[in-house]
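Letters A, B, ... are given to chains in the order of the sequence lines, protein chains preceding strands, and every chain is numbered from 1. Excluded from the calculations below are hydrogen atoms, water molecules and symmetry mates; all remaining heavy atoms, backbone and side chain alike, are included.
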Amino acid sequence: MAEMSKQYNPGEIEPRWAKEWVEKRLFEADAASRQPMFSLVIPPPNVTGSLHMGHMLEHTQIDILIRWKRMLGFNTLWLPGTDHAGIATQMVVERQLAEQGLDRRAMGREAFEKKVWEWKAQSGDTIKQQMIRLGASCDWSRERFTLDPGLSRAVRKVFVSLFEKGLIYRGKYIVNWCPRCQTAISDLEVVHEETQGHLYHIRYPVIGTDEYLVVATTRPETMLGDTAVAINPSDDRYAKFHGKAVRLPLMNRDIPIILDELADPAFGTGVVKVTPAHDANDFAAGQRHNLPQIDVMDETAKMNQNAGAYAGLDRFAARKRILVDLEAQGLLAKVEPYTLALGRCQRCHTVVEPRLSTQWFVKVAPLAEAALRAVEDGHTRFTPENYTKIYLDWMRNIHDWCISRQLWWGHRIPAWYCGSCGEATVSLEDLARCHKCQSASLTQDPDVLDTWFSSALWPFSTLGWPEKTQDLQAFYPTSLMITGFDILFFWVARMMMMGLEFMHDVPFREVYIHQLVRDAEKQKMSKTKGNVIDPLEVTEQYGTDAVRFTLAIMSPPGTDIVLSRDRMDGYRAFANKIWNAARFVFLSLEKAGAPAWIPPDDGSFVPVPGPEGELALEDRWICSRLSRLAAEMAKAWEDYRYDRAADLIYHFFWHEFCDWYLELKKLSFDAAPQNSAKMPPAFENLCRAFDVALRLLHPMMPFITEELWQRLAARDSSIALAPFPQHDRARLDEIAEKEMALLQEIIGNIRNMRAEKRVDARLKVAVELYAANGSAAHIGSQHRQAIERLANLSSLQLAAKPFNEQGGAVRSLPDFSLKIAVAEAVDLDEERARWRKEQQKLEQELTVLGRQLDNEQFLAKAPQHVVTNLRARREEVTTQLAKVRETLRKLG
RNA sequence: GGGCGAUUAACUCAGUCGGUAGAGUGCCAUCCUCACACGGUGGAAGUCACAGGUUCGAGUCCUGUAUCGCCCACCA
């Protein structure tokens, strides 16, 4: 047997198994042979190559489920990919370009795209290495899912198909425009931020009068593009201005006063300026009233020639100048502080400018309708459930989706414009000639698609769509999608829509939304804040198993995870505890000269009886507990309660297996035959119990369990492929559990008495036990040695009669009484204080019980079993209280 | 503006049928007993944010208040 150090060293064990798993290709072996199937759609790791705790959490939860399912005999497949991580890709690309001093415009599109694919491939590999290090058992070598040339074709097909159905259209609308990225972005990519700004009140002179209309705006620079002012038709204050016009200050243009619901009489002055080219609402109003659209800015948000004297100024510089000029002309009526939700670009944080431009849109209402119904009808289920509501609300209020981007990366829009006749054609194949006039002067639309457009196809494009592949047939719809709520709308909702449209079924049966990882100050971890905990650093420090376990146990659904190093420290200790429990097992076997353990074929745990058919209490008990645990953990994982599963196995391993089972086993070992050819049952059962316990723990702590499982017996397989323990009703042993509880109670009470009497922990004392009933008598006689050993006694005598004296060295409980031989004099004051406290507690409880049981309404309305339980409890408390009072009386 | 969530021990959090509150860490005492001091044993510690209500009974259900956090939103 290889040497085991006293301290578990994950740094030594983990890399070995990570490597082993990859070489063994667990998934390939597994997928080839097993049924049924379990498939997942997996969010991609960050292509930048830097991982954060969010990824670690996500992949830990995924990996736990996959390991568990695999042990249950499921054929598993996940669809991980790097292609669709467009946002991350852009970051990589930008960084790489800058580092290499390249200019994307100069290098040309083709060369640029080639470079991008190169970088993606590289970073994908970095990720692979890192994820394996973090314990993910996924096989990253499925080339077809990582670099997928087929995706471009699928994207084009989807685009054309939607276009032909009228679900994609091209039009001139107000879109969110990022002046720095110089592209349109979708509503979802705009983050709103409460900002302290100003509301400027500006006087517009009404023509033919000496009166003014005062309009309020937060963006004065847009006034240069005003083509009307609006008042509400029902607003009597301004009835006299109906049909009149105003002179637009600074531009000296006459613009009409229109009547429109756009103006809310309750807000500000009730008059609103109308700028159709720079505001979505105004745009709509402009359409209603046939107003001209005057764009006063260029794509970098500098004022253009339409801005008259202000042309060439940046929008914010222009704002300043305009305010100064208005002030000078006495047209600035008022400036008041105003809090507004300023829209910024998700990527670069630049203030977004609503801008009039021609873009491609997806008409989402019909798609959303199907996606809505699928969830309402329960074809896809959300966990936690409250996300169902969030999803449905969003789907109901969905706007059309702007899908064209003026970027250099991504799938190009398959549309061609004819230089001769102006015809626009959408086509599956590259076009050489215009369909209409046969001209060859065609140019493809320079825009690319929103990265989420191709992502939306992931569940089926990765499986070979539009070909009717076997994969598609077998794995669509997938079983599960695990992701964070931050991309619920970006990705999940859009996969739903596209899946239903093109596959006529939902892309996944279940969606599990995981938690968000926060730092100790509850701040969202982000690189800009610099509060990130680096997964590689903490796994180095605490071990992958400990970090995984921490993430699992801190993950009740619907909450955030506040990650602390203290917790990780605690679970590193847990790993160490398991390591040492194993050391004990192995050392014991070695010492007894027991032969190597040959595990049973099925890996089940049925205790092996002794020569006379007898079974030790601890074996019956641990067997019953393990069976119960298998059921409880399976249920927990079924419900995505990683926290509960982790809590169960933690408590079991430490406080049942180590604290009691191993301690009791030490006795059987002393009695077991040495150097026998066949393994004695005492050892056999221990090995089996340990084997089963390791399997239960394996999904959460894969490395240490693999290592110990391999050491436990010679194997040619992996614990990752071993069957998960099944719950078996027949293995439950209520009697053993009750007997064990009584044994624990007796030992616990003796230990407690020792501590209270301040008996030196090293001193063995004599104790007498009076059994008030058969069960206690049985335990007292059958497990005398166990009690002596675990309570550190010189002897345990069974008393024939109840003890006369009370208090001091005697303690009475319902099932038994104990008398401890104390050498030193008992501190009576301390003793009295303890009993008084006990008396007080019991009296308090009795009052509460009495209040309920003397209440007729309670007796009439409460369920029978509650009443019965409380009655029994009252009797018990009454008896105990009487004993305590008697004790106190004797103590004086 | 609309919606969602949180508030329980010193700290971080469980508590999903309403039936006198749990864990881990930390703390106190004690023990380096031949698996483990990253350990053993014992112990102390809570007006379940606040105010009402429903109920025989509320941490749990309802209403309101306060504080914190998040999501969504085209009122200038």
Using a heavy-atom cut-off of under 4.0 Å over every strand shown, decide if A:A341 touches base, sugar-phosphate, or nothing. base
Can you confirm whether A:Q287 is buried at CD, in the sense that more than 12 heavy atoms of other residues, nucleotides or ligands lie under 6.0 Å from that atom? yes
Is A:H655 near enough to B:rG22 that one of its side-chain N or O atoms lies under 4.0 angstrom from OP1 or OP2? no
Using Watson-Crick geometry (N1-N3 plus N6-O4 or O6-N4) or G-U wobble (N1-O2, O6-N3), each under 3.5 Å, B:rC13 is paired with B:rG22
At less than 3.5 Å, do the side-chain atoms of A:Q857 and the base atoms of B:rG57 form a donor-acceptor pair? no
Do A:R762 and A:N792 have side-chain atoms, one donor and one acceptor, less than 3.5 Å apart? no
Confirm from the modelled atom types if A:E663 and B:rA35 form a donor-acceptor pair under 3.5 Å, side chain to base only. yes
Identify whether any heavy atom of A:P863 sits under 4.0 Å from a base atom; if not, whether one sits that close to sugar-phosphate; answer base, sugar-phosphate or nothing. base
With a cut-off of less than 4.0 Å, is there a side-chain N or O of A:N580 near OP1 or OP2 of B:rC38? no
Mind checking A:Y8 for me? I need base, sugar-phosphate or nothing, with any heavy atom below 4.0 Å counting as a touch. nothing
Should A:W654 be listed as having a side-chain N or O under 4.0 Å from OP1 or OP2 of B:rC38? no
Contact under 4.0 Å: A:K591 side-chain N or O vs B:rC34 OP1/OP2: no
A:E385 atom CD: more than 12 heavy-atom contacts under 6.0 Å: no
Contact class for A:R762 (heavy atom, under 4.0 Å): base, sugar-phosphate, or nothing? sugar-phosphate
So A:K666, base contact, sugar-phosphate only, or nothing? Heavy-atom distance under 4.0 Å. base
Any N or O donor-acceptor pair linking the side chain of A:K6 to the base of B:rC36 at under 3.5 Å? no
